[in-house]
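All remarks here apply to the structure that follows.
The model shown is predicted, which means the values in this text are computed figures rather than measured ones.
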Amino acid sequence: MQSTADAFEDLRKDFPVLNRRVRDNKKLVYFDNAATTQKPNQVIDAISDYYQNYNSNIHRAVHALAEESTEAFENTRDIVAKFLNVEDSREIIFVRGTTEGINLVAYAWGRDNVKEGDIIVTTEYEHHSNIVPWQLLTQEKKAQLKYIDIDDNGELMLDQLDDYLSTGKVKLVTFSHMSNVLGTISPVEEIVSKCKNAGVKVLIDAAQSVPHMKVNLNEIGCDFFVFSGHKMLGPTGVGVLWAKKEVLEKMSPFLGGGDMIREVHKYETTWNDLPYKFEAGTPNIADVIGFAKAIEYLEKIGMDNIRNHELELTKYALEEMKKIPGLTLYGTKEPEKRGGVISFNFNSVHPHDVGTIIDKDGVAIRSGHHCAQVLMEKLNVAATNRASFYIYNTKEEIDVLIAALQNVAKVFKL
Amino acid sequence: MSGDPIYTEMIIEYSRNPSNFGKIADAHIHQHDANPLCGDTIDLYLNIEDNKISEVKFDGHGCAICMACCSVLTEMIKGKNLDDVKKFDKDELLSELGLQHLVKTSPVRIKCALLSLKSLKFGIYSYFVDKMKDSESAGNLNEEAANLY
Ligand SMILES: Cc1ncc(COP(=O)(O)O)c(C=O)c1O
């Protein structure tokens, strides 16, 4: 019987890129998983199998290839639905990613439902993709955008949500399930129940949660839910928007074109059924098919095991990083309240310099504002370093990061 | 660490003690720019007298490369004739710090290095347009700045 750590180490053989060497023949230590994860052979092979053996457009022709590709494509929808415990797979809409999913809601739902004076509530730790679409909408509608601030621990100050809700003007509360910078896991149940009591819609940006923990949409009770496949072993260019059927049915379409129509006449068109009403044009067939393999891969390991593995790594990394003089850690100190994302600064060395210096040792982290400049302003920094973990990372790799950071101190004579 | 192609003594030194760091109140030219990749921002301030750069300062947040390049750029242009400054090009700046290799080796970090020069070109461009009504010089500078990286 393998130990759990060994079982996770064993997965590495499925990821060809983890074997490669970078810079001066250094082993790659890939800690930029919050940006995008690596892909296992299972996913890569499914994509090339599609192109080699049954490439064809879906939903239209009656020939053999088209039937096979349509079936594989629609099979992914069922797999996604099961993965999230969604009963009706027609509620699963394929989009390009989280960004497109949020924009779809902002345009198609927002335009019809948000009026002058209404309030949309977001938070200080959102990715730009959960801020900018709402700025565009509220500016267009003369509505207001309000923020739930974060406290010194990097957690949301929910009493502000109560204040906003008590105005009776809030139309939507939109927040990330897990912060891509601080790793903070949002108190989803509490937020959703407050909003439901006030009759307010809720959107959850799950880009950083679905890849790392078990999510049961049947229990959460939100109205909109979006995430990206590429952050969970899947290919780029595939994301999911989930919303309740009743909500989707009432919504106007987003993009107009092929596939989303029932009948087109010269001056009017009727819409296709769900989910196709929101999937205009030829979709990203190959990558949707590949995405199914990513979900199967994750389910085989088990989402709870993945969460535990990352928690172990995060605890270890936080312990080791605390020992480094001059290192500032952001976010809550309680590992249970956060995902496998650690943002830090090192003395006054700019994150870009830290990133470049440790890259020489093969360590790939992200340096910058992480598309979260509102949060950077709050933390009063221009940028941070961010190390983020996934299933194939190991404690030994964290040791490489720690040693590389010590090298930064040497270069900067600290 | 000896032999590091980027983090030389000189760059580390400038990053800790940048030259001409600060603001000029009511400067003749004030140019603000940002690197959208990392959120770094700089403000460049210039005073012009007798067609010469009589005073120059910069201010902002940046990595060691950005701070060193801003420092060296401001040192190099101080007291120079505007016509010479107009012609100042990236090789002059990069070679002063031994960073020419970045053009080839690091498409990301070259942006850190050249933010300073881009701000200078855009700043002088505005000056030619607004104060000197010299649209030909202005046009050239604008194009150069836009095509720096
Ligand atoms: C919390 C969060 N939301 C949204 C996004 C945007 O995802 P995508 O670029 O896949 O649309 C990201 C990824 O960077 C993210 O971390």
Notebook entry, point to check: Just wondering, more than 12 heavy atoms not from A:Glu377 lying within 6.0 Å of its CD?
Noted result: no
Item checked: Neighbour count above 12 (heavy atom, 6.0 Å) for A:Arg21 CZ -> yes
Next item on the list: Name, in order of residue number, those residues of residues 14-29 of chain B that have a heavy atom at a distance of less than 4.5 Å from a heavy atom in chain A; otherwise write 'none'.
Entry: B:Ser15, B:Arg16
Checklist line | Heavy atoms of other groups near A:Lys322 NZ, more than 12 under 6.0 Å | finding: yes
Margin query: Using side-chain heavy atoms (C-beta onward) and a distance below 4.5 Å, is A:Asp353 in contact with B:Arg109?
Written below: yes
Margin query: Looking at A:Tyr107, I'd like to know if its OH atom is crowded, meaning that more than 12 non-hydrogen atoms belonging to other residues, nucleotides or ligands lie closer than 6.0 Å.
Written below: no
Check: Do A:Lys413 and B:Glu9 have side-chain heavy atoms sitting under 4.5 Å apart?
Finding: yes
Check: Just wondering, more than 12 heavy atoms not from A:Lys27 lying within 6.0 Å of its NZ?
Finding: no
Check: Is it true that atom CG of A:Asp151 has more than 12 heavy atoms of other residues, nucleotides or ligands lying nearer than 6.0 Å?
Finding: yes
Notebook entry, point to check: Hey, is CD on B:Glu143 packed in by over 12 heavy atoms from elsewhere, all under 6.0 Å?
Noted result: no
Next item on the list: Would you please test B:Asp40 and A:His350 for side chain to side chain donor-acceptor pair (under 3.5 Å) and show each step?
Entry: CA-CA 10 Å; B:Asp40 286 354; A:His350 191 283; 2.6 Å; yes
Notebook entry, point to check: For the side-chain contact (heavy atoms from CB on, under 4.5 Å) test, which of B:Val108, B:Asp4, B:Ile6 pairs with A:Thr356?
Noted result: B:Ile6
Next item on the list: With a 4.5 Å heavy-atom cut-off (strictly below), which parts of residues 41-74 of chain B touch chain A? List them by number.
Entry: B:His61, B:Gly62, B:Cys63, B:Ala64, B:Ile65
